[in-house]
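To keep things clear, I will list the structure first and then write my remarks on it.
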Amino acid sequence: MAKPFLAFLRFSFISLYPEMKHLSNLFKESFYSVYKYTGTVEEFPVTFCSGEFNEDYTFVLFPWVKKLSLSPLQIGNELGEQLITGNKIKSYSIVKGFFNFSLTDEFWIQQNYLFNHDALEVRIKLNTEPKKYLIEYCSPNTNKPLHLGHIRNILLGWSIYKIFKSLGHQVETSQIVNDRGVAICKSMLAWLKYSNGLTPEQAGIKADHFVGEYYVLFETKFKEEYDAWQSGEIANQIFNQNNKEEDTRDSFFKKYKNEYFNKYSILGKEVRDMLLAWERNDPETISLWKKMNSWVYEGFDKTFQKLGVSFDHYYYESQTYLLGKDIVQSGLDNKVFYKMEDGSVWIDLEDIHLDKKIILRSDGTSVYITQDLGTARLRHQKHAADQYIYVVADEQEYHFKVLFEILKRLKEPYAQGLFHLAYGMVDLPEGKMKSREGTVVDADDLIGEVISEATKTAVERGEIAALTEAEQLSICSKIGMAALKYFILKVSAKKRMIFNPKESVDMQGHTGPYIVNAYVRIKSILRKSECKNKQVVPEQIAIEERNLIKQLLYYPDVLMDSAKTLDPSHLANYLYTLAKDFHKYYHDFRILKAETENLTQWRLLLCGNISRVLFHGMDCLGISMPERM
RNA sequence: GGUCCCGUAGCUCAAUUGGAUAGAGCAACUGCCUUCUAAGCAGUAGGUUACACGUUCGAACCGUGUCGGGAUCACCA
């Protein structure tokens, strides 16, 4: 079970928002006046009434049976009479231990009106104590283009950013770019050896893909070299001496690959030499490194732009990989760390089941976690945020547990505000994505596909044929992106998900375009009408309308829930439900040609409110919607 | 082996955090466009919530055990 992001909210199932809290208060007050029972509002949770009972909300009586030594029926009736007499509710019915009740028409009219104007944003921020957040997401390597895994990371990070911002927090985003190391050197070396100085522009290939191709080329050449080597004398000796597990020749050499790279490979030696040259600031190597990285960034920026995300701060591993040694020293001074005879530095976390962990190598160089200790401190010095959220796949859960624990033991002042949004990895229907087997889904390809699929559908329907080409393009790309983003964000962030490329381009059913369609339908109605934004008193209020308003009232709680669990999927699923309820309402009720003008105005008001919530919610998912489709 | 996560309809996912008869979408089948955009609506069919005990008014959810799947436990990043 994932720990709740804000632990103090864990047991608070009472809405913090006035309209919903009002309901709990009703019961709190009734319990006092009927039974002289005083309690906190948290003891009186109110939930939605199940659809089959035709009432608005439900209060569960079971817990009170023991406390009051009365039957559910008696409690329900006594409460019900009291509430009805006070004109607090319109009706109630008791089914088993459930007290189902409906609110008065006045309440719903008032709410539908109140939800109008800019009130939405104000209401959402009502319960926020503004804090400063820094959200780190994406963290790409610069040797190849972004893929599906990055997309999930990016969409989650961005959505969390939007959600916290809409709740009224001060939020900034950052990205740490893994711009150094063996991987980028492989791309560099391959380019140097085989490209004849070709540039992405000359090749007509998106620049990050261009660099990625040289990475692949390196791996191909390396494999050729390795395969040839395997039939040689040295390989034979190694196989005969070291194959203790009685593997086949193939599987033995598969495992031996890393060692070959480090010990025997010519290409491997060249790469390591290049890395050393980079580390001693060799001008030619640095300039090549800068050139190839700049190509990659140019490509990344285009992808970020298509995804509609941005970053406030960039950190580069090349500038941070030496950080953290001062922390190591202070950790030794405080006896949080200890030194082995060979000079390596360790921390013992076995008391909390986290093993012993190396902090500094025996040769004094840093490891992954050393850097992260250093960057954590650096970031706090620069940004002084209250909370730091790392959006990183759950395969690194252990790493972050260790990291956070170390920082706590070092008594770093920001240590309590560190969170790891550990999202699940993305699998394909065939299984894991493996770059070696070429099954990685490329980000740009995927984006291109969903947009072309959206365009195909739009052309078939012909609804937007009259618009200019630029407008059509904009609409189609919005719809395509809505499909892709929603497809990923609707599943719980913490769960591993299976990504079926075929289904990701679906435009019907539980999809982004379905929600966009609801919004577009409302916009179309609003274009054809005049909504006077007045508080009208309709002749009658349908249960469907009460239900829609009820959903709208619930929205701020959903946002808050997504924030506290760091999981936009709650919001995504809520928006689907709202859109679904609207689609049905739209089908069953005439809005422009309602029975009376009063009703038309009432319904227009409601539709406008729905469109505002849809827009706001989709915006919080990082999805922007067109006005027509 | 230690630690952590997961197991819900043929498939992909929900379930207002312990509530009522476990819901959607996809795939299959059937209806609805002279009516505010059919990327829609309505319907049929599909379930021993992996399994077994336990906790209580009530369990997919909490506890114990079993079985399956995954991640992680580097002087890699």
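Throughout, protein chains are lettered first and strands after them, A, B, ... in sequence-line order, and every chain is numbered starting at 1. Only this structure's heavy atoms are used, side chains among them; waters, hydrogens and symmetry mates stay out.
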Does NZ or CZ of Arg152(A) lie under 6.0 Å from the centre of the six-membered ring of Tyr423(A), at an angle within 45° of the ring axis? no
State which of rC36(B), rA20(B), rC41(B) makes the closest approach to the side chain of His583(A). rC41(B)
Identify whether any heavy atom of Ser362(A) sits under 4.0 Å from a base atom; if not, whether one sits that close to sugar-phosphate; answer base, sugar-phosphate or nothing. base
Gap in Å between the two C1' atoms, one belonging to rU49(B) and one to rG18(B), rounded: 15 Å
Say we look at rA50(B) and rG68(B): how far apart would their P atoms be, to the nearest angstrom? 16 Å
Does the ring centre of Phe98(A) sit less than 6.0 Å away from the ring centre of Phe62(A)? yes
For rU55(B), which nucleotide in any strand shown is its Watson-Crick or wobble partner with both distances under 3.5 Å? none
Glu317(A) near the nucleic acid: base, sugar-phosphate alone, or nothing, with a heavy-atom cut-off under 4.0 Å? sugar-phosphate
Which part of the nucleic acid, if any, lies within reach of Asp588(A) when heavy atoms closer than 4.0 Å are counted: base, sugar-phosphate only, or nothing? nothing
Nearest to the side chain of Glu52(A) - rU21(B), rU12(B), rG40(B)? rU21(B)
N/O donor-acceptor pair under 3.5 Å between Asn547(A) side chain and Ile543(A) backbone: no
Need one value for Ser529(A): base, sugar-phosphate or nothing, where a base atom within 4.0 Å counts as base even if backbone is also close, heavy atoms only. nothing
For Tyr576(A), which contact category applies under a 4.0 Å heavy-atom criterion: base, sugar-phosphate, or nothing? sugar-phosphate
Which part of the nucleic acid, if any, lies within contact of Arg521(A), taking any heavy atom under 4.0 Å across all strands shown: a base, the sugar-phosphate backbone alone, or nothing? sugar-phosphate
Can you tell me if the side-chain N/O atoms of Lys356(A) get under 4.0 Å from OP1 or OP2 in rC73(B)? no
Aromatic ring proximity, centroids under 6.0 angstrom, Phe59(A) and Tyr92(A): no
Base, sugar-phosphate, or nothing: which does Tyr486(A) touch, judged by heavy atoms less than 4.0 Å apart? nothing
State whether Lys96(A) places a side-chain N or O below 4.0 Å from either non-bridging phosphate oxygen (OP1 or OP2) of rU21(B). yes
OP1, OP2 of rG25(B) versus side-chain N and O of Lys580(A): anything below 4.0 Å? yes
Tell whether Asn100(A) reaches the base of rA20(B) with its side chain through a donor-acceptor pair below 3.5 angstrom. yes
How about NZ on Lys339(A), more than 12 heavy atoms from neighbouring residues, nucleotides or ligands closer than 6.0 Å, or not? no
Where does rU44(B) fall, syn or anti, if syn means a chi angle no more than 90° from 0? anti
Among rA77(B), rA14(B), rC36(B), the one nearest Ser524(A) by side-chain distance: rC36(B)
Expressed as a whole number of Å, how far does the C1' atom of rU66(B) sit from that of rA20(B)? 32 Å
Proximity to the side chain of His510(A) - top-ranked nucleotide from rA71(B), rC13(B), rG25(B): rG25(B)
For rU44(B), the Watson-Crick or wobble counterpart (both distances under 3.5 Å): rA28(B)
Base, sugar-phosphate or nothing for Val367(A)? Non-hydrogen atoms, less than 4.0 Å. sugar-phosphate
Across every strand shown, the nucleotide meeting Watson-Crick or G-U wobble geometry with rC33(B) (both distances under 3.5 Å) is none
I want to check one thing: is the phosphate of rC76(B), taken as OP1 and OP2, less than 4.0 Å away from some side-chain N or O of Arg361(A)? yes
Given rC75(B), rU17(B), rG40(B), the nucleotide with the shortest approach to the side chain of Asn517(A): rG40(B)
Could you give the distance separating rG25(B) and rU21(B) at their P atoms, to the nearest angstrom? 22 Å
5' precedence on RNA chain B between Ser50(A) and Ser569(A) (nearest-nucleotide basis): Ser569(A)
For rA20(B), the Watson-Crick or wobble partner whose two distances fall under 3.5 Å: none
Side chain of Lys66(A): nearest nucleotide among rC57(B), rC73(B), rU3(B)? rC57(B)
Look up atom CG in Leu621(A) and atom OG in Ser159(A), then write down how far apart they are to the nearest 0.5 Å. 5.0 Å
Using a cut-off of 4.0 Å on non-hydrogen atoms, how would the nucleic acid contact of Arg628(A) be classed: base, sugar-phosphate, or nothing? base
Both conditions, 6.0 Å and 45 degrees, for the charged tip of Lys186(A) above the ring of Phe261(A): are they met here? yes
Do Tyr554(A) and Phe48(A) make the cut of ring centroids closer than 6.0 angstrom? yes
Complement of rU66(B), any strand, by Watson-Crick or G-U distances under 3.5 angstrom: rA50(B)
Result for 5'-nearest mapping on RNA chain B, choosing between Ser344(A) and Glu397(A), is Glu397(A)
Would you mind calling rC62(B) syn or anti? Take O4'-C1'-N9-C4 for purines or O4'-C1'-N1-C2 for pyrimidines, and syn is within 90° of 0. anti
I want to verify a distance call: between rG19(B), rC75(B), rC13(B), whose nearest atom is closest to the Pro63(A) side chain? rG19(B)
Distance test, side-chain N/O of Lys584(A) to OP1/OP2 of rG40(B), below 4.0 Å: no
Is Phe98(A) stacked on the base of rA20(B), with ring centres under 5.5 Å apart and planes under 30° apart? yes
It should be established whether Ser492(A) places a side-chain nitrogen or oxygen under 4.0 Å from OP1 or OP2 of nucleotide rA14(B). yes
Assign Val491(A) to base, sugar-phosphate, or nothing according to its heavy-atom contacts below 4.0 angstrom with the strands shown. sugar-phosphate
Give the rounded distance in Å between these two atoms: CG of Asn573(A) and P of rU16(B). 11 Å
Would you classify Met425(A) as touching base, sugar-phosphate or nothing, given that sugar-phosphate means primed atoms plus P, OP1 and OP2, and contacts are heavy atoms under 4.0 Å? nothing
Categorize Glu463(A) for me: base, sugar-phosphate, or nothing, with a 4.0 angstrom heavy-atom threshold over every strand shown. base
Near-parallel close stack of Phe62(A) and rG19(B) base (under 5.5 Å, under 30°): yes
Minimal heavy-atom distance between Trp289(A) and Arg180(A), with the atoms involved, is NE1-CA, 4.3 Å
In whole Å, what separates the C1' atom of rC33(B) from that of rA38(B)? 7 Å
With a 4.0 Å limit, can you tell me whether Lys495(A) has a side-chain N or O closer than that to the phosphate oxygens OP1/OP2 of rA14(B)? yes
Mind checking Leu360(A) for me? I need base, sugar-phosphate or nothing, with any heavy atom below 4.0 Å counting as a touch. nothing
In whole Å, measure the gap between the C1' atoms of rA59(B) and rA71(B) for me. 28 Å
If pairing means Watson-Crick or G-U wobble with both distances under 3.5 Å, then the partner of rA38(B) is none
Contact class for Lys357(A) vs. all strands (heavy atom < 4.0 Å): base, sugar-phosphate, or nothing? nothing
Let's test your reading of the model: under 3.5 Å, does the base of rA24(B) pair with the side chain of Thr577(A) as donor and acceptor? no
Quick one: is rG25(B) close enough that its OP1 or OP2 comes under 4.0 Å of any side-chain N or O from Lys490(A)? no
Aromatic centroids of Tyr321(A) and Trp278(A) separated by under 6.0 Å: yes
Below 4.0 angstrom from OP1 or OP2 of rU12(B), is there any side-chain N or O of Arg496(A)? no
For the P atoms, the ones on rC53(B) and on rC11(B), what distance do you get once it is rounded to whole angstrom? 26 Å
Rounded to whole angstrom, note down the P distance from rU35(B) over to rG43(B). 23 Å
